[in-house]
There are 2 protein chains.
Amino acid sequence: MARRPSALTREAIVDAATALFAERGYAATGVRDIAAAASTDPALVIRHFGSKELLFLDTMRFSLQEHPIFDAPLEALPHRLVEFVVDLEEPQRGVVVALVGARSEPAIAERLHEIHEQDFVAPLLDRLHGEGAELRARLAAVLVAGLIYGLWVVGDERLLAAGRDELVDRYTALLRPLLLST
Amino acid sequence: MARRPSALTREAIVDAATALFAERGYAATGVRDIAAAASTDPALVIRHFGSKELLFLDTMRFSLQEHPIFDAPLEALPHRLVEFVVDLEEPQRGVVVALVGARSEPAIAERLHEIHEQDFVAPLLDRLHGEGAELRARLAAVLVAGLIYGLWVVGDERLLAAGRDELVDRYTALLRPLLLST
DNA sequence: GTCTATAGCGAGATAGAC
DNA sequence: GTCTATCTCGCTATAGAC
């Protein structure tokens with residue numbers, strides 16, 4: 001294969017790292033694996049990103065900014081949130097799982113905490129007001145996180161046995177009172 | 001220190017491994033660390049348990065059989081379950097977190113799945129009947145697991161800011177309709 | 001910028017004396 | 001049963017030729 005210009009090599013490394021970290025996790029993915037998948041070599045990977053951990057933190061991002069979930073009226077929000085989780089696809093699904101799995105690295109634990117805070121708690125807190133709004137936002141975030149945990153971390157596949165729509169409806173019914181009442 | 005007879009050494013290894021795995025996780029705990037904490041040496045650890053992974057699986061057990069939670073009448077069950085999770089102490093708390101963190105080892109992922117199935121889903125399923133009982137049991141298990149995840153994996157300490165009792169009451173209110181209605 | 005070769009470390013696991 | 005010494009392997013990261 002022809003030599004790539006630098007920007008393309010860097011991009012290939014990012015793509016390979018994202019896919020491999022998401023698929024196998026932090027510990028099980030070596031710098032060698034990433035280099036091979038990007039058709040380059042381990043030295044370049046370190047040269048571009050400094051270390052495996054920095055590369056991990058650079059690629060394992062999770063942002064809800066791109067999804068217009070929180071634009072929905074409050075009435076529709078529970079359904080939208082649950083749908084988002086149930087329909088979550090790779091690599092986003094793997095990103096969360098990989099971050100959870102590498103939680104024993106302090107910097108990675110911090111990232112996981114940040115994501116929970118910034119992408120789940122904070123947007124919910126924006127939409128809730130009055131007495132106990134913060135607790136309700138945090139409870140709702142935990143509820144949503146629980147579904148992620150059940151589906152993608154523990155891997156309870158039978159949750160989907162009754163059908164995707166049924167699961168979405170039932171879980172929405174659990175979340176709704178938390179967001180719509182005081 | 002005097003030399004221990006075998007049974008005591010084995011017990012010391014189990015105690016040390018339980019504490020260290022629960023505190024630091026699988027990857028961050030070495031066989032050497034365990035041996036040192038048990039006042040013995042790495043060779044004995046392997047000799048007694050075969051490998052680090054087998055030792056992990058031997059020590060990281062989580063059983064709800066000892067807790068009489070599921071003896072409670074159905075009406076009281078939601079409150080009991082939530083209380084149990086919120087009041088979870090070491091090393092049980094660390095066991096769950098360590099299992100989640102080492103999920104990239106297939107045998108450990110399987111154990112995590114087993115625990116979810118046997119200690120949460122199955123006892124709930126025993127208590128529920130009628131149409132959709134299985135889905136309700138699985139939803140309830142996810143709800144409970146979500147609280148474990150939020151409190152002990154992600155580490156949202158502010159959930160407890162309003163007070164332990166308030167958290168228990170609010171989360172119980174979320175779980176109750178799932179277990180008590182059709 | 002790129003790649004070959006390897007340094008340096010730490011891990012889990014083992015051999016064999018006592 | 002116990003422990004010292006060591007083996008072997010895999011990893012990240014680096015040095016240096018091109």
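What you see is a predicted model; the values in this text were computed from it and never measured. In the text below, chain A, chain B and the rest are named by the order of the sequence lines, each starting its count at 1. As a basis for the values below, the full set of heavy atoms in this structure was taken, side chains included, without hydrogen atoms, waters or symmetry mates.
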Discussion item. If I take atom CZ in residue Arg24(A) and atom C1' in nucleotide dC11(D), what distance separates them, rounded to the nearest angstrom?
Written reply: 15 Å
Discussion item. Is Thr40(A) close enough to dT2(C) that one of its side-chain N or O atoms is under 4.0 Å from OP1 or OP2 there?
Written reply: no
Item to complete: May I ask you to verify if any side-chain N or O of Thr9(A) is less than 4.0 angstrom from the OP1 or OP2 atom of dT2(C)?
Response: yes
Item to complete: Using atom CD of Glu105(B) as one end and atom C1' of dA11(C) as the other, report the distance to the nearest whole Å.
Response: 13 Å
Practice prompt. Report, as yes or no, whether the 6.0 Å neighbourhood of atom CZ on Arg164(B) holds more than 12 heavy atoms from other residues, nucleotides or ligands.
Written response: yes
Worksheet, complete the sentence: Between CZ of Phe21(B) and C1' of dG12(C) the distance, given in whole Å, is 12 Å
Practice prompt. Using whole Å, report how far CD1 of Ile34(B) lies from C1' of dG12(C).
Written response: 11 Å
Practice prompt. Take atom NE2 of His48(B) and atom C1' of dT2(D), then tell me their distance rounded to the nearest Å.
Written response: 9 Å
Worksheet item: Is it the case that Arg176(A) places NZ or CZ above or below the six-membered ring of Tyr171(A), under 6.0 angstrom from the centre and within 45 degrees of the axis?
Response: no
Worksheet item: Is a side-chain donor or acceptor of Thr29(A) paired with a backbone partner of Tyr26(A) at a separation under 3.5 angstrom?
Response: no
Item to complete: Using a 4.5 Å cut-off on heavy atoms from C-beta on, say whether the side chain of Phe21(A) contacts that of Leu55(A).
Response: yes
Discussion item. Test side chain to side chain contact (heavy atoms under 4.5 Å, CB included) on His48(B) and Val14(B); report intermediate values, then the result.
Written reply: CA-CA 10 Å; His48(B) 277 297; Val14(B) 166; over 6 Å; no
Worksheet item: If only atom types and distance count, is the side chain of Arg136(B) paired as donor or acceptor with the main-chain N or O of Ser181(B) below 3.5 Å?
Response: yes
Worksheet, complete the sentence: Its contact letters, B for base, S for sugar-phosphate only and - for none at protein heavy atoms under 4.0 Å, make nucleotides 13-18 of chain D read SBB---
Practice prompt. Write down the distance between CG (Leu8(A)) and C1' (dT2(C)), rounded to a whole number of angstrom.
Written response: 14 Å
Practice prompt. To the nearest Å, give me how far apart CG (Leu54(B)) and P (dG12(C)) are.
Written response: 13 Å
Worksheet item: Rounded to the nearest Å, what distance is computed from the CG atom of residue Leu55(A) to the P atom of nucleotide dC11(D)?
Response: 16 Å
